[in-house]
Amino acid sequence: MAGSIHHYDLPWCTIGNITILYHTSISVTTNVTYDERSVFGSHGAYAVWSGTAPRNYSLSANLVGARYLEVQFNIAQVVSAYNWTQESPPQCKGLHGPYGVTSLFSTSVRIESFDASIPEATHVEYGSPIQIDFSLSLKECKPI
């Protein structure tokens, strides 16, 4: 892991072999569906639960390396995420979110989309960009 004499970086979030250390946002969305049913003699309809869809996760990271080894580490994470999209079909991988909220952000997920970009005027060190913005859309692996 990366770090300095003042701190030691711990994984903030991992997805399979992808490790994100910092500058990351993660969100989760859950959809619950109901059937509307009327009951004889009632003036309204009742919502009857019909299912809960697999959770959707969105992760966006602004990967900035302070030194060459951190830059190379960040590039390797982006390449790992891209390679995941090239599997046929992409396999499920373990998502482990920030400590303290693991029940909400820890599950098995499959990648749905990947996006990476290098912002304008990003400094290049030893031929590699020190900043990469990337995002992942993930779907929980569970039966519907």
Side-chain angles (χ1 to χ4, degrees), residues 1-39 44-144:
M1 295 294 158
S4 73
I5 61 171
H6 303 291
H7 74 279
Y8 186 76
D9 289 331
L10 296 173
W12 188 86
C13 176
T14 59
I15 308 126
N17 60 341
I18 302 164
T19 301
I20 309 299
L21 299 175
Y22 42 77
H23 304 298
T24 303
S25 298
I26 188 169
S27 64
V28 61
T29 305
T30 303
N31 295 311
V32 180
T33 56
Y34 299 92
D35 287 332
E36 203 174 279
R37 304 254 172 98
S38 58
V39 176
Y46 290 89
V48 177
W49 175 79
S50 61
T52 300
R55 293 177 283 185
N56 294 301
Y57 292 89
S58 297
L59 181 132
S60 61
N62 184 349
L63 305 176
V64 181
R67 57 185 188 177
Y68 181 70
L69 290 177
E70 290 176 356
V71 169
Q72 293 307 304
F73 178 83
N74 290 339
I75 289 171
Q77 305 320 296
V78 174
V79 169
S80 290
Y82 171 77
N83 288 341
W84 190 13
T85 68
Q86 301 306 296
E87 296 174 1
S88 181
Q91 62 182 305
C92 291
K93 296 185 178 193
L95 167 65
H96 302 284
Y99 298 110
V101 290
T102 53
S103 62
L104 186 59
F105 290 98
S106 293
T107 189
S108 182
V109 293
R110 180 171 283 124
I111 193 164
E112 289 195 312
S113 68
F114 162 88
D115 181 64
S117 62
I118 299 170
E120 179 186 3
T122 294
H123 179 71
V124 175
E125 185 170 315
Y126 298 107
S128 300
I130 66 164
Q131 180 177 351
I132 301 173
D133 295 336
F134 95 112
S135 61
L136 302 174
S137 292
L138 309 164
K139 173 80 79 178
E140 181 178 24
C141 293
K142 81 169 204 176
I144 297 175

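Between the CZ atom in F105 and the OH atom in Y57 there is a gap of 7.0 Å [rounded to 0.5 Å]. Atom OH of Y34 sits about 7.0 Å away from atom OG1 of T52, to the nearest 0.5 Å. Rounded to the nearest 0.5 Å, atoms SG (C92) and NZ (K142) are 13.0 Å apart. Between E70 atom CD and S128 atom OG the span is 13.5 Å, to the nearest 0.5 Å. Interatomic distance, OG of S80 versus CD1 of I18, reported as 6.0 Å (0.5 Å rounding). To the nearest 0.5 Å, atom CG of residue L59 and atom OG of residue S25 are 8.0 Å apart.
Across all their heavy atoms, V71 and P129 have their closest contact at CG1-O, 3.3 Å. Across every non-hydrogen atom of T30 and A53, the tightest pair is CG2-O, 4.3 Å. Considering every non-hydrogen atom in both K139 and P54, the closest pair reads CD-CB, 3.9 Å. Looking at every heavy atom in both residues, R110 comes nearest to P90 through NE-O, 2.8 Å. The shortest heavy-atom contact between F73 and T19 is CE2-O, 3.8 Å. When all heavy atoms of E140 and T107 are compared, the closest pair comes out as OE2-OG1, 3.2 Å.
Side-chain N or O atoms of S60 include none that pairs as donor or acceptor with a backbone N or O of S135 at under 3.5 Å.
Contact check for N17 versus K93: side-chain heavy atoms found under the 4.5 Å cut-off. Side-chain contact between I111 and I15 is absent, with no heavy atoms from C-beta onward closer than 4.5 Å. Put simply, the side chain of I20 does not reach to within 4.5 Å of the side chain of I26, judged on heavy atoms. Contact annotation: the side chain of C13 approaches that of L95 to within less than 4.5 Å [non-hydrogen atoms, C-beta and beyond].
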Residues N74, Q131; criterion side chain to side chain contact (heavy atoms under 4.5 Å, CB included); working and verdict | CA-CA 9 Å; N74 290 339; Q131 180 177 351; over 6 Å; no

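At most 12 heavy atoms of other shown residues, nucleotides or ligands fall within 6.0 angstrom of atom CD in E36.
The aromatic rings of F134 and F114 sit tilted relative to each other, their planes meeting at an angle between 30° and 60°.
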